Structures are given as C-alpha cells and as structure tokens.
Amino acid sequence: MIDIKIPSIGESISEVTLLKWTKPAGTWVERDEVIAELESEKATFEVNAEQAGVLQHLANAGDSLRIGDVVARIDETAERPAANETPAPPPVEAKPAAAPVATTAPVVAPTASTPAKATPVAAAIISSHQLDAGAIQPSGPHGKIVKQDVLTALQQPGKKAFAGVELNTRQVRREKMSNLRKTIARRLVEAKNSTAMLTTFNEVDMTAIMAIRKEYKDKFKEQHGVNLGFMSFFAKACAIALSEWPAVNASIDGDEIIYHDYADISIAVSTPRGLTVPVIRNVESLSMADIEKKVIELAGKARDSKLTTEDLQGGTFTITNGGVFGSLMSTPIINIPQSAILGMHKIQERPMAVNGQVVILPMMYIALSYDHRIIDGRESVSFLVRVKELLENPSRLLIGKDPVQSLLEL
C-alpha cells in the first residue's frame, strides 16, 4: 500500500479542506492522475496518484485535514483490470470514525427552464390558469406535480417557499464555514480594524467607451479571439494613474512604506465558494487584448477552482466590479496589505447638465476606498479624477495625455 498524504503548500498553511474526490473508491487510477481536490485558505489544488493501482479513500468530502495527514491509499499490487472491467471495491480499513454529521440532500425546486413533470389533471389546471410550473412545489413521486400541488399554489398566490422547504416552516440549517470563507472573514475584519479606511466617489460618462466597443467589438474579437470588455479600459486607466500617484500603489510594512514601480492589479472574482482576487501582473506593459485574455483566464481558473497561490499573491491594487450584480454604489473594503481599491458599478442612464442643456448619458459611479495612513485626500481625489479623465477620453490611454497636447508639447 502507498499512502497519499496532504502535501505542504505554504509555510503559513496548516489545514486544508477536502473539496471532492475526482476518482471513486475502489477504482483503478493511473500514476499522476488527479484523484482529489483540496482547498486551503488561499487557493485550491489537486492531489495526484503517486503510483498506479486501486484507490482507497480515508476521508470524506468536507473533512478538514492537516498537512501530512494520509488522505488515501493506493494498492499498487492489485491486478490491472481488463478493458471495460472495474475491480471490486477493497474492504475498508478500520479507522477512527469522525463525529457523524447529519446531512439531508436538498430537494431542488423545479424552475421555468426545467419544468417538473405533472399528472394529466395537474397539467390541465396549470395550462388553463397559465401558471408557471417552476413556481409550484411538487409533492408527488419522483418530483411529479399532482393536482393538490396546483390547488395549493392557486390558494396561496404570491407565496413562495425556499427551495425544498414547505411554507410557514421555521427550519434552521447549520453549515461549517470553509477555509476560504473563514479567511475572507478574517481578512475583511482585519482590513476594517487595521487601516484608516475612507472612500471617495466620482462618476464617469461611459459614452466614449461604449461607442468604441460598439464600433470595434467585432473586429477586436476577430483579431484577438476575445471580447472587448470594460475591465481592460479600467485596468489601463488605473495603471496610468498609479504611476502618477505612487502612494495609491504602495503598502505599509512596519514603519516603512513600500512603493511599487509596476502595476500588479488584483481583479475581484466571485465564485460559489466566495470572493477571490487573482492578480494580473505588469498591467502597465500589457495591451488591451492581453488584459482581456488574462481576465478570462483567471475567471475560468477561479470558476473551476484551479487558482494557485501564485495567482493570488502580490497584487498592489485591486479593482472590483459590483455592477455585474446591479450595484449602483458601494464602499469596497481594502484588500490588505494594499492601500486602495477601486469599485466599479452599474452603468445607469441619467439626466446630466452639459453646456447648460439636459442630456441623458450612460453614467457609472466609481469609488476609491483608501488607507488614509499613507494616502491623503489630495492624492485619493486626484487619482480618481485622473481615472475619470482617462476613461472619458480613451485616446489618452495610449500615451497618458491628450494627443493634441502631446503634439504641441503642452
């Protein structure tokens, strides 16, 4: 038997969570084949089989494990199964049983896109009253909607239970926090308690950027293979502004201030397990297409739980986009040890005064939360105004200033 142990993944990490097994117990695995996914407080990573053989599980999904714990065993002496043949699961070795955790598989309520089956009578009532089958809680066998389910829905219009829960229930559920969620909670509280955080606001007229995207999006996609999004404009604008206001790109280390002569910008990405902030490095040296490709790459890795510790470390500034969820305005929290974070928001058409005339323009509120210990009001406001200026005049993103002014050396 070969023991598969939890590997060391960093000096500060002593515990991980077993997210899932990618190979069932009792199956044959090849050498270096991925058998499990683990989650630390910083990232997720894979566990590979060290030899070919029959796999035995020694832990369950959701278990917390310490570095060095044996998570699985591989019987390398087992006979390799013939094609289309699966070996019988080996006997489970005795091991101390963990305290049992009561779990109940939730019943997922049907949705309009995946309607549940209904009996003929129930289907006729649904059709005659033009009801949404996805809003009806099924109680029949195999998730089937029966007549009484439809009648109950008609008697209680506008009332909708939580998925898998009856109306008027007082049920409470408890779930253990994941390592990632615990780390998020700890860092957010630390940011609030250890920094002198303030937020300044401004608004950006997105007309010019939206016009560029409309005119060039097809050619950009054809040329570079990625869509032209808003993040590349904001990342380039921030990189230029960071070079002009270095305190916004700095961090505190003891009684010293560390200034960075590069822009490693963290992009906040929401995943089912929580918020992660992978880093795009040297944004000041990247093209718009390079930034868009990197955003897609990191978002995909975050979605598939493939981010590494290296992907998450070393950012000097953060951009977060609450606008994708409909946020109109917010005060983002600093991603320590960084000193500032920019919040993007929803683009909303609003009446604006332009040259004494009321004009409807696509506007976005932007917010800069900053550590007042090293960034003064002048620097924070000037940084945000500079970002606004660059976004409203995208041609300045090329050389950092108005092309005509550059030509005239003004």
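Just so it is clear, the structure is predicted and the values come from calculations on it, not from any experiment.
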- Message: Is any side-chain heavy atom of L342 closer than 4.5 Å to one of C238?
- Response: yes
- Under 3.5 Å donor-acceptor, D149 side chain and V146 backbone: yes
- Among side-chain atoms of T77 and D75, is any donor-acceptor pair under 3.5 angstrom? yes
- Is T27 reaching over with its side chain to a backbone N or O of P24, donor-acceptor style, under 3.5 angstrom? yes
- Non-hydrogen side-chain atoms of W21 and V71 separated by less than 4.5 Å: yes
- Message: Would the distance check show the side chain of D264 and the main-chain N or O of V279 forming a donor-acceptor pair, the cut-off being under 3.5 Å?
- Response: no
- Message: Assess, by modelled atom type and distance only, whether the side chains of T331 and T199 contain a donor and an acceptor separated by less than 3.5 Å.
- Response: no
- Query: Where the side chain of D371 meets the backbone of R373, is there a donor-acceptor pair that is under 3.5 Å apart?
  - Reply: yes
- Task: For the residue pair E244 and R386, establish whether any side-chain heavy-atom pair is separated by less than 4.5 Å.
- Result: yes
- Query: Which heavy atom in A72 sits nearest to a heavy atom in L55, and how many Å separate them?
  - Reply: CB-CD1, 3.9 Å
- Is any side-chain N of the basic residue among E37 and K306 closer than 4.0 Å to the acidic one's carboxylate O? yes
- Value for CG (N321) from CE (M231), rounded to nearest 0.5 Å, stands at 5.0 Å
- Message: So for atom CD, which belongs to E30, do other residues, nucleotides or ligands contribute more than 12 heavy atoms lying within a distance under 6.0 Å?
- Response: yes
- Below 4.5 Å, heavy atoms only, C-beta onward: do L368 and I341 meet side chain to side chain? no
- For the pair S339 (side chain) and A247 (backbone), establish whether a donor and an acceptor sit closer than 3.5 Å, ignoring hydrogens and angles. yes
- Can you find a heavy atom in the side chain of S266 that is under 4.5 Å from one in the side chain of Q338? yes
- Salt bridge or not for E33 and R31, using N-O below 4.0 Å? no
- Message: Using the rule given for side-chain contact (heavy atoms from CB on, under 4.5 Å), can you reason through R186 versus E190, listing the C-alpha separation, both sets of side-chain angles and the distance that settles it, and then say yes or no?
- Response: CA-CA 6 Å; R186 174 178 55 80; E190 183 180 351; 3.9 Å; yes
- Considering residues, nucleotides and ligands other than I2, do more than 12 of their heavy atoms fall under 6.0 Å from its CD1? yes
- Determine, stepwise, if the pair N249 / Y262 fulfils side-chain contact (heavy atoms from CB on, under 4.5 Å). CA-CA 8 Å; N249 199 39; Y262 53 87; 5.8 Å; no
- Between T318 and N335, is any side-chain donor less than 3.5 angstrom from a side-chain acceptor? yes
- How about F317 and Y370: are their ring centres within less than 6.0 Å of each other? no
- Message: I'd like to know if the side chain of E50 pairs up with that of N48 as donor and acceptor (distance under 3.5 Å, no hydrogens or angles considered).
- Response: no
- Derivation of the side-chain contact (heavy atoms from CB on, under 4.5 Å) call for I360 and R350: CA-CA 5 Å; I360 304 299; R350 296 202 301 274; over 6 Å; no
- Does D63 reach the main-chain N or O of N60 with its side chain, forming a donor-acceptor pair under 3.5 Å? yes
- Query: Looking only at heavy atoms, what is the nearest atom pair of A250 and H260, with distance?
  - Reply: CA-ND1, 4.0 Å
- Task: Would you mind reporting whether I6 and R66 have side-chain heavy atoms less than 4.5 Å apart?
- Result: no
- Where do I334 and A191 come nearest, in terms of heavy atoms and distance? O-CB, 3.5 Å
- Note on the structure: Across all chains, not counting sequence neighbours, the salt bridge (charged side-chain N to carboxylate O under 4.0 Å, His left out) partners of D205 are none
- Message: On a heavy-atom basis, which atom in P332 and which in T320 lie closest, and how many Å separate them?
- Response: CB-CG2, 3.9 Å
- Item | Option passing side chain to side chain contact (heavy atoms under 4.5 Å, CB included) with K294 (candidates I265, I280, I267) | I280
- Between K388 and E203, is there a donor-acceptor pair closer than 3.5 Å when you use the side chain of the first and the backbone of the second? yes
- Query: Hey, is the main chain of E292 close enough, under 3.5 Å, to the side chain of S232 for a donor-acceptor pair?
  - Reply: no
- Item | Interatomic spacing from CG in L390 to CG in L398 - rounded to 0.5 Å | 11.5 Å
- Classify the angle between the aromatic ring planes of F220 and H224 as parallel (below 30°), tilted (30 to 60°) or perpendicular (above 60°). tilted
- Check for a donor-acceptor pair, side chain of S127 on one end and backbone N or O of A123 on the other, with a separation under 3.5 Å. no
- Could you tell me whether the side chain of H345 and the main chain of G323 form a donor-acceptor pair under 3.5 Å? no
- Query: Do M363 and E349 come within less than 4.5 Å of each other through their side chains, counting heavy atoms only?
  - Reply: no
- Message: side-chain contact (heavy atoms from CB on, under 4.5 Å), that's the test. Do I184 and R181 meet it? Break it down for me.
- Response: CA-CA 5 Å; I184 292 172; R181 177 53 63 185; 3.8 Å; yes
- Query: CD/E215 to CD1/I212 distance, rounded to the nearest 0.5 angstrom?
  - Reply: 8.5 Å
- Task: List the atom of A208, the atom of P394, and the distance in Å for their closest heavy-atom pair.
- Result: CB-CD, 3.6 Å
- Let me see the working for S64 and K176 under side-chain hydrogen bond (donor to acceptor under 3.5 Å, both in side chains), right down to the final yes or no. CA-CA 10 Å; S64 293; K176 185 178 179 181; 2.8 Å; yes
- Item | From OG (S369) to CZ (F201), nearest 0.5 Å | 7.0 Å
- Query: Between atom CG of D3 and atom CD1 of I74, what is the distance when rounded to the nearest 0.5 Å?
  - Reply: 10.0 Å
- Considering all heavy atoms, the nearest L286-R281 contact: CD1-O, 3.7 Å
- Message: Within the 4.5 Å heavy-atom criterion, are F234 and M364 side-chain neighbours or not?
- Response: yes
- Note on the structure: Rounding to 0.5 Å, atoms CD1 (I296) and NZ (K301) come to a distance of 14.0 Å
- Do the charged groups of D69 and K5 touch, with an N to O distance under 4.0 Å? no
- Message: Could you tell me if R378 sits above the aromatic ring of F383, with its cationic atom closer than 6.0 Å to the ring centre and no more than 45 degrees from the axis?
- Response: no
- Answer yes or no for R213 and F230: cation-pi contact, defined as NZ/CZ to six-membered ring centre under 6.0 Å and angle to ring axis within 45°. yes
